[in-house]
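Quick caveat: nothing in here was measured; it's all calculated off a predicted structure. Just the heavy atoms: all of them, side chains too, but no hydrogens, waters or symmetry mates, feed the values below.
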Amino acid sequence: NENIHMKVRFGTPVSEVLSGRLKENIPSRIIINSLLTGFQLKDFKFPIDKKFSQIIAIPEKTDREFLPFLSSGKKSDSFTNTFLAKILPVFNKLPDTNIHGEKRPCISCGFCEDVCPVRIIPHLLYKYINKGIIDETLKKYEIFNCINCCLCSYVCPSKIPLFERIKEGQEKLLKQGCDRDQCDLPHFDIEIIEEYRGATRL
């Protein structure tokens with residue numbers, strides 16, 4: 001209902017913090033700490049700990065919009081050059097869970113590459129991971145340099161969850177025995193060894 005600051009004891013369930021403070025009859029998604037880098041909380045029995053800095057509630061909105069890129073820009077970002085888009089600071093933009101567009105194939109526009117603070121190439125990593133190519137190539141393109149800022153996903157005009165795919169690629173590499181310091185992946189499949197690192201084929 002309103003932005004407030006609270007002092008809460010460690011161990012207090014999130015449900016007690018939210019009780020009576022959410023708008024009625026409006027489904028909300030609860031995000032912890034940050035809209036860009038935070039995570040969605042589904043279990044409200046989860047206890048508050050020192051990692052909590054913010055609890056954010058944003059309205060769930062999944063309805064398909066008609067030509068969202070032609071919107072006036074009054075309540076959400078717009079690609080149009082209408083007079084409303086030019087004087088946006090006077091309007092109170094409201095976040096919601098709608099991605100305001102449809103997921104489309106990567107067009108290699110380079111927006112994600114331009115915005116990346118550590119200078120990796122998210123769209124290239126995405127293409128390798130999406131095709132199931134999990135090998136030294138990802139390490140060569142510095143996949144472990146990702147700092148989880150999510151800016152690549154935010155700017156992507158094709159609505160591709162780039163950060164999620166990069167994280168998925170990192171996890172698959174770690175399972176195969178590759179990390180930031182060492183990457184000795186085999187060029188063959190080893191089914192009987194669950195944790196592989198630097199083994200040689202017999």
Side-chain angles (χ1 to χ4, degrees), residues 1-65 68-69 71-80 84-103 111-112 114-120 122 126 143-171 174 179-180:
N1 293 321
E2 58 181 339
N3 295 327
I4 60 174
H5 295 274
M6 299 179 63
K7 288 185 178 181
V8 181
R9 291 181 181 274
F10 288 166
T12 303
V14 172
S15 58
E16 291 190 18
V17 177
L18 298 177
S19 179
R21 295 185 173 91
L22 295 177
K23 293 182 179 179
E24 297 181 1
N25 303 321
I26 300 180
S28 297
R29 181 179 300 183
I30 304 303
I31 307 294
I32 302 302
N33 296 340
S34 168
L35 291 179
L36 268 181
T37 61
F39 62 92
Q40 180 182 357
L41 187 66
K42 297 181 179 180
D43 183 6
F44 294 162
K45 295 180 181 179
F46 198 82
I48 299 289
D49 60 26
K50 63 181 181 180
K51 296 179 182 179
F52 279 61
S53 61
Q54 306 181 68
I55 300 177
I56 305 168
I58 53 178
E60 284 283 9
K61 185 179 179 183
T62 57
D63 297 336
R64 183 174 178 177
E65 296 182 345
F69 58 89
S71 65
S72 63
K74 181 177 179 181
K75 293 186 177 180
S76 61
D77 288 326
S78 172
F79 292 100
T80 63
L84 288 178
K86 293 179 181 179
I87 56 174
L88 288 180
V90 303
F91 295 104
N92 182 24
K93 293 187 180 182
L94 303 175
D96 55 49
T97 61
N98 199 317
I99 62 174
H100 298 286
E102 297 178 345
K103 294 180 181 178
F111 287 176
C112 58
D114 291 340
V115 78
C116 179
V118 292
R119 312 308 300 164
I120 62 176
Y126 161 76
I143 189 172
F144 287 109
N145 285 357
C146 176
I147 60 173
N148 305 337
C149 67
C150 297
L151 289 175
C152 54
S153 296
Y154 180 76
V155 301
C156 180
S158 294
K159 312 297 181 182
I160 299 172
L162 293 167
F163 165 69
E164 293 179 13
R165 297 286 83 80
I166 290 174
K167 188 175 181 181
E168 176 186 331
Q170 290 175 338
E171 292 174 352
L174 290 171
D179 57 25
R180 183 186 297 271

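Closest approach of Gln170 and Cys146 over heavy atoms only: NE2-CB, 3.7 Å. Closest approach of Phe10 to Asp49, counting heavy atoms only: CE2-C, 3.7 Å. When all heavy atoms of Pro161 and Ser153 are compared, the closest pair comes out as C-OG, 3.6 Å. When all heavy atoms of Arg21 and Glu16 are compared, the closest pair comes out as NH1-O, 3.8 Å. The shortest heavy-atom contact between Cys156 and Leu162 is CB-CD1, 4.3 Å. Minimum heavy-atom separation, Ile147 to Pro117: CD1-CG, 3.7 Å.
A salt bridge links Arg165 with Glu168: at least one charged nitrogen is closer than 4.0 Å to a carboxylate oxygen.
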Is there a side-chain contact (heavy atoms from CB on, under 4.5 Å) between Ser28 and Lys23? Walk through the geometry before answering.
CA-CA 8 Å; Ser28 297; Lys23 293 182 179 179; 5.9 Å; no
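Atom SG of Cys116 is separated from atom CZ of Phe111 by 15.5 Å, given to the nearest 0.5 angstrom. Distance check: Glu164 CD to Tyr126 OH gives 11.5 Å after rounding to the nearest 0.5 Å. Note: Gln40 CD to Ile58 CD1 = 8.5 Å, rounded to the nearest 0.5 Å.
Screening Ile31, Asn33, Leu41, Ile48 for a side-chain contact (heavy atoms from CB on, under 4.5 Å) involving Ile55 leaves a single residue, Ile48. Tested against Ile30 for a side-chain contact (heavy atoms from CB on, under 4.5 Å), the candidates Val17, Ile56, Leu22 yield a single pass: Leu22.
Residue-environment remark: CZ (Phe52) exceeds the threshold of 12 foreign heavy atoms within 6.0 Å.
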